[in-house]
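Written below as C-alpha coordinates is the structure these notes are about.
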Amino acid sequence: MMAIDVKKIRITKLREYLIKIIDNMIEDKDYEMNTNMLSNNPNNYSLDKIPVASTVEKWITGLEIHKDVYSFRSRMNYSPDVLDNLTNVGFFEVFEDIIYSNNKKGILPDIDGIESIECLNCGSMNNAEANACEFDIQLQIKYKIGGFNESSNSKN
(Lines give C-alpha, C1' and ligand atoms only; values in the text may rest on other atoms or scores of the structure.)
Protein backbone atom coordinates (compact mmCIF):
# COMPACT_ATOMS: atom_id res chain seq x y z
CA MET A 1 0.00 0.00 0.00
CA MET A 2 1.22 3.49 -0.86
CA ALA A 3 2.20 5.81 1.99
CA ILE A 4 0.18 9.03 1.80
CA ASP A 5 1.28 12.19 3.57
CA VAL A 6 -2.15 13.43 4.66
CA LYS A 7 -0.68 16.82 5.60
CA LYS A 8 -0.10 17.54 1.89
CA ILE A 9 -3.47 16.57 0.40
CA ARG A 10 -6.05 19.19 -0.61
CA ILE A 11 -8.82 18.07 1.76
CA THR A 12 -6.45 18.37 4.75
CA LYS A 13 -5.40 21.88 3.73
CA LEU A 14 -9.01 22.92 3.12
CA ARG A 15 -9.97 21.48 6.50
CA GLU A 16 -7.24 23.55 8.20
CA TYR A 17 -8.49 26.68 6.40
CA LEU A 18 -12.08 26.04 7.53
CA ILE A 19 -11.00 25.45 11.13
CA LYS A 20 -9.46 28.96 11.17
CA ILE A 21 -12.73 30.41 9.90
CA ILE A 22 -14.84 28.48 12.41
CA ASP A 23 -12.51 29.46 15.28
CA ASN A 24 -13.08 33.12 14.39
CA MET A 25 -16.84 32.69 14.12
CA ILE A 26 -17.82 30.79 17.25
CA GLU A 27 -17.08 31.22 20.93
CA ASP A 28 -17.43 27.56 21.91
CA LYS A 29 -14.19 25.95 20.72
CA ASP A 30 -15.34 22.52 21.88
CA TYR A 31 -16.27 21.19 18.44
CA GLU A 32 -15.20 18.42 16.09
CA MET A 33 -14.06 18.89 12.49
CA ASN A 34 -14.11 15.57 10.66
CA THR A 35 -13.80 14.42 7.06
CA ASN A 36 -16.46 12.17 5.58
CA MET A 37 -18.05 11.64 9.00
CA LEU A 38 -20.60 13.77 10.79
CA SER A 39 -21.16 12.45 14.30
CA ASN A 40 -24.52 12.52 16.07
CA ASN A 41 -23.27 15.08 18.59
CA PRO A 42 -24.20 18.74 18.12
CA ASN A 43 -21.40 21.24 17.51
CA ASN A 44 -19.50 19.24 14.93
CA TYR A 45 -18.62 19.58 11.26
CA SER A 46 -17.59 17.36 8.39
CA LEU A 47 -15.87 18.08 5.09
CA ASP A 48 -16.91 15.50 2.49
CA LYS A 49 -15.54 15.32 -1.04
CA ILE A 50 -18.24 15.12 -3.71
CA PRO A 51 -17.37 13.06 -6.80
CA VAL A 52 -17.43 15.34 -9.85
CA ALA A 53 -15.43 15.60 -13.06
CA SER A 54 -12.36 17.50 -11.95
CA THR A 55 -10.97 18.90 -15.20
CA VAL A 56 -12.28 22.38 -16.04
CA GLU A 57 -9.81 23.43 -18.78
CA LYS A 58 -6.80 21.99 -20.60
CA TRP A 59 -4.37 24.34 -22.33
CA ILE A 60 -1.91 23.57 -25.13
CA THR A 61 0.92 24.54 -22.75
CA GLY A 62 0.06 21.58 -20.54
CA LEU A 63 -1.58 23.78 -17.91
CA GLU A 64 -4.84 22.39 -16.58
CA ILE A 65 -7.48 23.97 -14.37
CA HIS A 66 -9.16 21.50 -12.03
CA LYS A 67 -11.87 21.73 -9.39
CA ASP A 68 -12.80 19.86 -6.27
CA VAL A 69 -16.29 20.12 -4.81
CA TYR A 70 -16.96 19.46 -1.13
CA SER A 71 -19.98 19.29 1.11
CA PHE A 72 -19.32 21.17 4.33
CA ARG A 73 -21.84 19.80 6.82
CA SER A 74 -22.64 20.60 10.43
CA ARG A 75 -24.76 19.20 13.19
CA MET A 76 -26.09 21.94 15.44
CA ASN A 77 -28.49 22.27 18.34
CA TYR A 78 -32.10 22.47 17.25
CA SER A 79 -35.17 23.53 19.17
CA PRO A 80 -38.50 25.28 18.78
CA ASP A 81 -36.71 28.48 19.87
CA VAL A 82 -36.66 30.86 16.90
CA LEU A 83 -33.45 32.52 18.11
CA ASP A 84 -31.59 29.18 18.11
CA ASN A 85 -32.69 28.43 14.56
CA LEU A 86 -31.88 31.95 13.33
CA THR A 87 -28.40 31.48 14.81
CA ASN A 88 -27.96 28.26 12.82
CA VAL A 89 -29.01 29.92 9.57
CA GLY A 90 -26.94 32.97 10.44
CA PHE A 91 -23.81 30.86 10.87
CA PHE A 92 -23.93 29.83 7.22
CA GLU A 93 -24.82 33.32 6.03
CA VAL A 94 -21.75 34.73 7.79
CA PHE A 95 -19.66 31.73 6.67
CA GLU A 96 -20.61 32.37 3.03
CA ASP A 97 -19.73 36.09 3.39
CA ILE A 98 -16.30 35.19 4.83
CA ILE A 99 -15.54 32.73 2.01
CA TYR A 100 -16.58 35.34 -0.59
CA SER A 101 -14.56 38.10 1.07
CA ASN A 102 -11.48 35.90 1.55
CA ASN A 103 -11.62 34.82 -2.09
CA LYS A 104 -11.72 38.44 -3.28
CA LYS A 105 -8.77 39.30 -0.99
CA GLY A 106 -6.76 36.25 -2.09
CA ILE A 107 -6.98 34.64 1.36
CA LEU A 108 -7.14 31.03 0.22
CA PRO A 109 -6.35 27.57 1.57
CA ASP A 110 -2.65 26.65 1.34
CA ILE A 111 -3.15 24.42 -1.71
CA ASP A 112 -0.64 24.32 -4.58
CA GLY A 113 -1.94 26.25 -7.59
CA ILE A 114 -5.20 27.31 -5.94
CA GLU A 115 -7.01 30.07 -7.78
CA SER A 116 -10.32 30.37 -5.94
CA ILE A 117 -12.70 29.06 -3.34
CA GLU A 118 -16.42 29.67 -3.46
CA CYS A 119 -19.71 28.58 -1.98
CA LEU A 120 -21.92 26.99 -4.62
CA ASN A 121 -25.10 27.49 -2.60
CA CYS A 122 -26.30 28.89 0.69
CA GLY A 123 -26.23 26.72 3.78
CA SER A 124 -29.51 24.92 4.26
CA MET A 125 -30.98 22.50 6.76
CA ASN A 126 -31.22 18.96 5.43
CA ASN A 127 -32.39 17.04 8.44
CA ALA A 128 -33.85 17.81 11.85
CA GLU A 129 -34.38 15.64 14.88
CA ALA A 130 -35.60 16.45 18.39
CA ASN A 131 -32.45 18.27 19.58
CA ALA A 132 -30.15 18.51 16.58
CA CYS A 133 -30.25 19.48 12.92
CA GLU A 134 -27.90 19.01 9.98
CA PHE A 135 -26.89 21.87 7.70
CA ASP A 136 -24.98 21.63 4.45
CA ILE A 137 -23.23 23.99 2.02
CA GLN A 138 -21.20 23.07 -1.05
CA LEU A 139 -17.72 24.52 -1.56
CA GLN A 140 -15.64 24.48 -4.71
CA ILE A 141 -11.94 25.10 -5.11
CA LYS A 142 -10.25 25.66 -8.46
CA TYR A 143 -6.55 25.03 -8.88
CA LYS A 144 -4.05 24.75 -11.68
CA ILE A 145 -1.59 21.96 -12.33
CA GLY A 146 1.11 21.34 -14.90
CA GLY A 147 2.24 23.60 -17.70
CA PHE A 148 5.57 23.98 -19.47
CA ASN A 149 6.78 26.74 -17.15
CA GLU A 150 5.72 25.12 -13.90
CA SER A 151 8.14 22.47 -12.76
CA SER A 152 7.13 22.40 -9.09
CA ASN A 153 3.36 22.52 -9.43
CA SER A 154 1.90 19.05 -9.00
CA LYS A 155 -1.41 17.54 -8.07
CA ASN A 156 -1.68 17.02 -4.30
Side-chain angles (χ1 to χ4, degrees), residues 1-41 43-76 87-127 133-156:
M1 182 171 194
M2 177 184 358
I4 296 173
D5 186 352
V6 296
K7 293 178 183 178
K8 293 183 178 182
I9 60 176
R10 289 184 301 278
I11 195 168
T12 299
K13 293 180 177 187
L14 180 56
R15 179 181 175 273
E16 291 167 355
Y17 173 83
L18 296 177
I19 287 172
K20 290 177 189 174
I21 291 173
I22 295 168
D23 280 348
N24 287 325
M25 289 181 64
I26 64 174
E27 292 178 14
D28 182 2
K29 305 297 188 238
D30 185 26
Y31 66 87
E32 297 174 34
M33 177 62 164
N34 299 305
T35 55
N36 292 329
M37 199 277 300
L38 187 65
S39 77
N40 290 326
N41 301 324
N43 206 23
N44 76 86
Y45 306 88
S46 181
L47 184 61
D48 310 338
K49 192 166 184 181
I50 299 173
V52 297
S54 66
T55 304
V56 176
E57 296 177 25
K58 286 186 179 185
W59 298 34
I60 196 165
T61 62
L63 177 71
E64 296 182 7
I65 306 297
H66 287 249
K67 69 179 176 184
D68 289 344
V69 179
Y70 299 89
S71 176
F72 176 57
R73 300 183 300 145
S74 72
R75 184 165 322 278
M76 300 176 155
T87 300
N88 291 340
V89 172
F91 173 88
F92 281 95
E93 186 175 310
V94 171
F95 177 83
E96 187 176 5
D97 288 345
I98 291 169
I99 295 291
Y100 177 79
S101 176
N102 282 356
N103 191 55
K104 287 190 69 98
K105 294 175 187 174
I107 302 169
L108 302 169
D110 183 25
I111 295 171
D112 289 342
I114 191 162
E115 294 191 326
S116 65
I117 182 170
E118 65 180 309
C119 296
L120 298 179
N121 62 334
C122 62
S124 60
M125 185 171 67
N126 291 337
N127 189 7
C133 62
E134 183 180 323
F135 275 78
D136 184 15
I137 190 168
Q138 281 74 50
L139 301 171
Q140 175 179 276
I141 60 169
K142 286 187 182 173
Y143 55 95
K144 57 186 173 185
I145 62 171
F148 294 138
N149 297 327
E150 297 184 33
S151 60
S152 65
N153 198 0
S154 62
K155 206 172 188 181
N156 289 335

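For reference, positions follow the sequence shown, starting with 1. As a basis for the values below, the full set of heavy atoms in this structure was taken, side chains included, without hydrogen atoms, waters or symmetry mates.
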Original post:
Closest approach of Glu115 and Leu108, non-hydrogen atoms and distance?
Top reply: O-CD1, 3.9 Å
Original post:
Which of these passes side chain to side chain contact (heavy atoms under 4.5 Å, CB included) with Tyr17: Ile22, Ile117, Asp110?
Top reply: Ile117
Original post:
Can you tell if the side chain of Pro109 reaches within under 4.5 Å of the side chain of Ile114, non-hydrogen atoms only?
Top reply: yes
**OP:** First locate atom CG of Leu47, then atom CZ of Arg73, and finally report the distance between them rounded to the nearest 0.5 Å.
**Re:** 10.0 Å
Original post:
For Tyr70 and Asp68, does a side-chain donor sit closer than 3.5 Å to a side-chain acceptor?
Top reply: yes
Subject >> CG on Leu63 to CD on Glu57, rounded to 0.5 Å >> reply: 8.0 Å
Original post:
Just checking, is any N or O donor in the side chain of Ser71 or Asp136 under 3.5 Å from an acceptor N or O on the other one?
Top reply: yes
Subject >> Side-chain (Arg15) to main-chain (Met33) donor-acceptor, under 3.5 angstrom >> reply: yes
Subject >> Straight-line distance of Leu38 CG to Asn34 CG, nearest 0.5 Å >> reply: 7.5 Å
**OP:** Please report the C-alpha distance between Ser74 and Phe92 in whole Å, then the side-chain angles of each, then the deciding distance to 0.1 Å, and finally whether the side chain to side chain contact (heavy atoms under 4.5 Å, CB included) criterion is met.
**Re:** CA-CA 10 Å; Ser74 72; Phe92 281 95; 3.5 Å; yes
**OP:** Report yes if the side chains of Arg10 and Ile141 come closer than 4.5 Å at any heavy-atom pair, otherwise no.
**Re:** yes
Subject >> Step-by-step salt bridge (charged side-chain N to carboxylate O under 4.0 Å, His left out) determination, Lys144 to Glu64 >> reply: CA-CA 5 Å; Lys144 57 186 173 185; Glu64 296 182 7; over 6 Å; no
Subject >> Pairwise distance CD1(Ile99) to CD1(Ile137) - rounded to 0.5 angstrom >> reply: 8.0 Å
Original post:
Does some side-chain heavy atom of Asp23 sit less than 4.5 Å from a side-chain heavy atom of Tyr31?
Top reply: yes
Original post:
Does the side chain of Asn43 come under 3.5 Å of the side chain of Asp30 through a donor N or O and an acceptor N or O?
Top reply: no
Original post:
What is the distance from atom CG of Asp48 to atom CG of Leu139, rounded to the nearest 0.5 Å?
Top reply: 10.5 Å
Original post:
Does a donor on one side chain sit under 3.5 Å from an acceptor on the other, for Gln138 and Asn121?
Top reply: yes
Original post:
Does the side chain of Val94 come within less than 4.5 Å of Met25's, by heavy atoms?
Top reply: yes
Original post:
Between OG1 of Thr87 and CD of Glu93, what distance do you get to the nearest 0.5 Å?
Top reply: 11.5 Å
Original post:
Do the non-hydrogen side-chain atoms of Asn24 and Ile98 ever get within less than 4.5 Å of each other?
Top reply: no
Subject >> Test of ring centre spacing under 6.0 Å for Tyr45 and Phe91 >> reply: yes
Subject >> Close side-chain approach of Cys133 to Asn127, heavy-atom, < 4.5 Å >> reply: no
Subject >> Neighbour count >12 (heavy atoms, 6.0 Å) for atom NZ, Lys105 >> reply: no
Original post:
Can you tell if the side chain of His66 reaches within under 4.5 Å of the side chain of Val56, non-hydrogen atoms only?
Top reply: no
**OP:** Tell me, yes or no, whether the heavy-atom count around Glu118 atom CD, taken from other residues, nucleotides or ligands under 6.0 Å, exceeds 12.
**Re:** yes
**OP:** Give a yes or no answer on whether the side chain of Arg75 reaches the backbone of Ser39 with a donor-acceptor pair at less than 3.5 Å.
**Re:** yes
Original post:
Taking it one step at a time, do Thr35 and Ser46 satisfy side chain to side chain contact (heavy atoms under 4.5 Å, CB included)?
Top reply: CA-CA 5 Å; Thr35 55; Ser46 181; 5.5 Å; no
Subject >> Residue pair Asp112 / Tyr143, side-chain heavy-atom distance below 4.5 Å >> reply: no
